[in-house]
Amino acid sequence: MGFCLPGGAEPVFTAAQVWDIASHGRTVLVRNGIHFGSVDLSAGQFEERLPDIPEFFSRHYTDAHRYGLVSLVEACADAELDVHAGDLREAAVLVGRGSVDANVDSYLKLLGLDAESMSAFDALEIFVAAEQSVSPSDVAVVQGALTRTVGPCFTVSCGCSSAAVQIGNARRLIAAGEIDIAVVTGVDVSSLDLIRKGRRLLRGALHARDAMDAAGMPDLLPSMSSLMRPYDRRADCVNYGEGSATVVLESREHAQRRGAHLYGHVLATALTRDGLANPLATDDTGTQLARAVRACLGDRWRIEQVPYINGASDGGAAVTALEANTVRELYGPDSTVLLSSQEGCFGHHGAAAGCLGLALTCMMMEFGEVCPTTNCEQPADGLPFDPVPGTRTRPLDFDYALSFNYQIGGVKHAMLLGGPDTI
């Protein structure tokens, strides 16, 4: 696993750095009018990790390109895979992208050009920049070139579930025998200008929403200036972030042949939708998320074997209600399951959430410790789960866990994970 995530003064790149932040319930969000998780990757940090990329291409990279490439090479270093030696030549390179913030400037620049008045060299420069960055497949294009892969290489875009869906795709490709190894990256970039404009729109939207029938409308949060506090009684906002997370998935035989370190196992994944007509709404009853979990469990596993869930709450009341109702349906009203979210560490960063949730959950099972819910100090009343408040891990010896992700529009994704020794 490898990362390019906010770290406060410096980005974080390794599993140890991410664990240090998440296991202490620490937030690295910086307030600049609003709380935001900014990566702040320097040119030197990028060049140190990727010194051999032709400058003709790299000078046209967006932040999404840079973050995705850095997390990929960090994951390869962690997995002891040598990109330059061709270790990923046959690999699937799969990318999840939910946001197009990084592509906006490239589009606008291309649209505003007078091609007739440009020199041939300038036209070539603009063409290369546009081809690399005007579509959501931007990161997959440059990762595929770096790895020289001849295997599957494609992008999925379904919001914050994008990378989680790609993990499921990688698992199916491996199970079908089409590939032995896959590299899955979730990466998104958030524009602070767009967030601030959205905040101004939100003020007007709240007034309009109060004057209309709000049934089925999304939960509009009143503020982004305070810290996000999932499952806390004071939760009133979402803080956004950016960055990338990459995980390497292999068949058991491939990993054993090369003596790879095993963090855990992806046992099953499932994707459902609420079936609602409103494209922005979600059903907080938990019916479809519970259905996804049952699809993961199948006839082989029982919900009683799963004592921990890695939640995806961004601090919004609708997500908390969704997860609470799902737990009630699956575990009953008197559940003792632990459910925590680390979104408050780095911010709500879109597609990266699926890979980060997988990585953190596997580390928790490996270490036998559950990370707290970042910024949760006063748990809300009536929660049917323990949100692990505070800043310390909770000891737990467990072999199975669930990880959740959601997309606006009612899409629900569940992953069933096993520990490193699970058969």
Side-chain angles (χ1 to χ4, degrees), residues 1-30 36-41 45-46 49 66-80 96 160 163-164 167 183-189 228 230 239-249 261-264 266 308 310-314 340-376 388 391-394 401 403-405 415 417 419-420:
M1 53 184 71
F3 309 91
C4 187
L5 292 172
E10 295 282 338
V12 294
F13 304 109
T14 68
Q17 290 173 319
V18 167
W19 178 258
D20 180 62
I21 292 171
S23 64
H24 291 91
R26 185 155 52 90
T27 184
V28 295
L29 301 177
V30 176
F36 182 73
S38 179
V39 172
D40 296 324
L41 179 72
Q45 289 167 330
F46 179 79
R49 290 162 176 80
R66 287 186 279 269
Y67 299 165
L69 286 168
V70 166
S71 70
L72 183 144
V73 298
E74 289 288 346
C76 288
D78 188 46
E80 298 184 337
C160 306
I167 290 167
V183 180
V184 181
T185 298
V187 54
D188 273 327
V189 175
M228 62 193 293
N239 303 145
Y240 292 93
E242 59 186 8
S244 180
T246 298
V247 292
V248 177
L249 279 73
H261 170 75
L262 300 181
Y263 284 102
V266 180
Y308 174 71
N310 189 249
S313 179
D314 54 12
S340 66
S341 168
Q342 290 73 53
E343 291 247 339
C345 292
F346 309 102
H348 182 59
H349 47 215
C355 288
L356 180 59
L358 169 60
L360 277 172
T361 306
C362 285
M363 284 192 279
M364 291 185 221
M365 284 189 284
E366 183 179 34
F367 299 148
E369 299 179 58
V370 169
C371 291
T373 294
T374 309
N375 300 329
C376 180
V388 195
T391 58
R392 296 182 178 180
T393 57
R394 187 81 59 82
S403 182
F404 292 159
N405 288 102
M415 270 189 283
L417 307 174

Where [X] and [Y] come nearest, the two heavy atoms and their spacing:
X: M1; Y: D78; value: N-OD2, 3.0 Å
X: P6; Y: V12; value: O-CG2, 3.7 Å
X: P230; Y: D314; value: CG-C, 4.4 Å
X: V28; Y: G8; value: CB-N, 3.7 Å
X: A22; Y: C371; value: O-CB, 3.6 Å
X: Y240; Y: F36; value: O-CD1, 3.2 Å

* Evaluation steps, side-chain contact (heavy atoms from CB on, under 4.5 Å), between Y263 and L417 -> CA-CA 10 Å; Y263 284 102; L417 307 174; over 6 Å; no
* Start with the C-alpha gap between V39 and R66, add the side-chain angles, then the distance that decides, and say whether side-chain contact (heavy atoms from CB on, under 4.5 Å) holds. => CA-CA 11 Å; V39 172; R66 287 186 279 269; over 6 Å; no
Considering only heavy atoms from C-beta outward, does the side chain of [X] approach that of [Y] to under 4.5 Å?
X: V30; Y: S38; value: no
X: R26; Y: D20; value: yes
X: T27; Y: C345; value: no
X: S340; Y: V370; value: yes
X: F346; Y: T374; value: no
X: P11; Y: Q45; value: yes

* Asked: Can you name the residues that form a side chain to side chain donor-acceptor pair (under 3.5 Å) with R392, not counting sequence neighbours?
  ->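 Listed in chain order: nothing, the list is empty.
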* To do: Output all residues satisfying ring-ring contact (aromatic ring centres under 6.0 Å, His included) with Y308, sequence neighbours left out; order by chain, then residue number.
  =>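 F398.
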* Residues two or more places apart in sequence or in another chain: which of them pass ring-ring contact (aromatic ring centres under 6.0 Å, His included) with F46? ->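 In terms of ring-ring contact (aromatic ring centres under 6.0 Å, His included), with neighbours along the sequence ignored, F46 is linked to no residue.
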* **Qualifying side-chain hydrogen bond (donor to acceptor under 3.5 Å, both in side chains) pairs with a residue from residues 352-368, counting only residues at least two apart or across chains** =>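 Of all non-adjacent pairs touching residues 352-368, those that pass side-chain hydrogen bond (donor to acceptor under 3.5 Å, both in side chains) are H261-E366.
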* For T14, what residues pass the side-chain contact (heavy atoms from CB on, under 4.5 Å) criterion, not counting sequence neighbours? ->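 side-chain contact (heavy atoms from CB on, under 4.5 Å) list for T14, sorted by chain: A16, Q17, E74.
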For the pair [X] (side chain) and [Y] (backbone), establish whether a donor and an acceptor sit closer than 3.5 Å, ignoring hydrogens and angles.
X: S403; Y: M415; value: no
X: S341; Y: S313; value: yes
X: N239; Y: G347; value: no

* Asked: Going from CZ on F3 to OG1 on T185, what distance comes out if it is rounded to the nearest 0.5 angstrom?
  ->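 F3 CZ to T185 OG1: 11.0 Å, rounded to 0.5 Å.
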* How many angstroms lie between atom CD of E369 and atom CZ of R394, to the nearest 0.5 angstrom? ->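 So the CD of E369 and the CZ of R394 are separated by 12.0 Å.
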Mind listing the side-chain donor-acceptor pairs of residues 348-360 below 3.5 Å, one per line with the distance, residues two or more places apart or on another chain?
residue: H348; atom: ND1; partner: E343; partner atom: OE1; Å: 2.7

* To do: Start with the C-alpha distance between C4 and L41, add both sets of side-chain angles, then the distance that settles side-chain contact (heavy atoms from CB on, under 4.5 Å), and finish with yes or no.
  => CA-CA 8 Å; C4 187; L41 179 72; 4.2 Å; yes
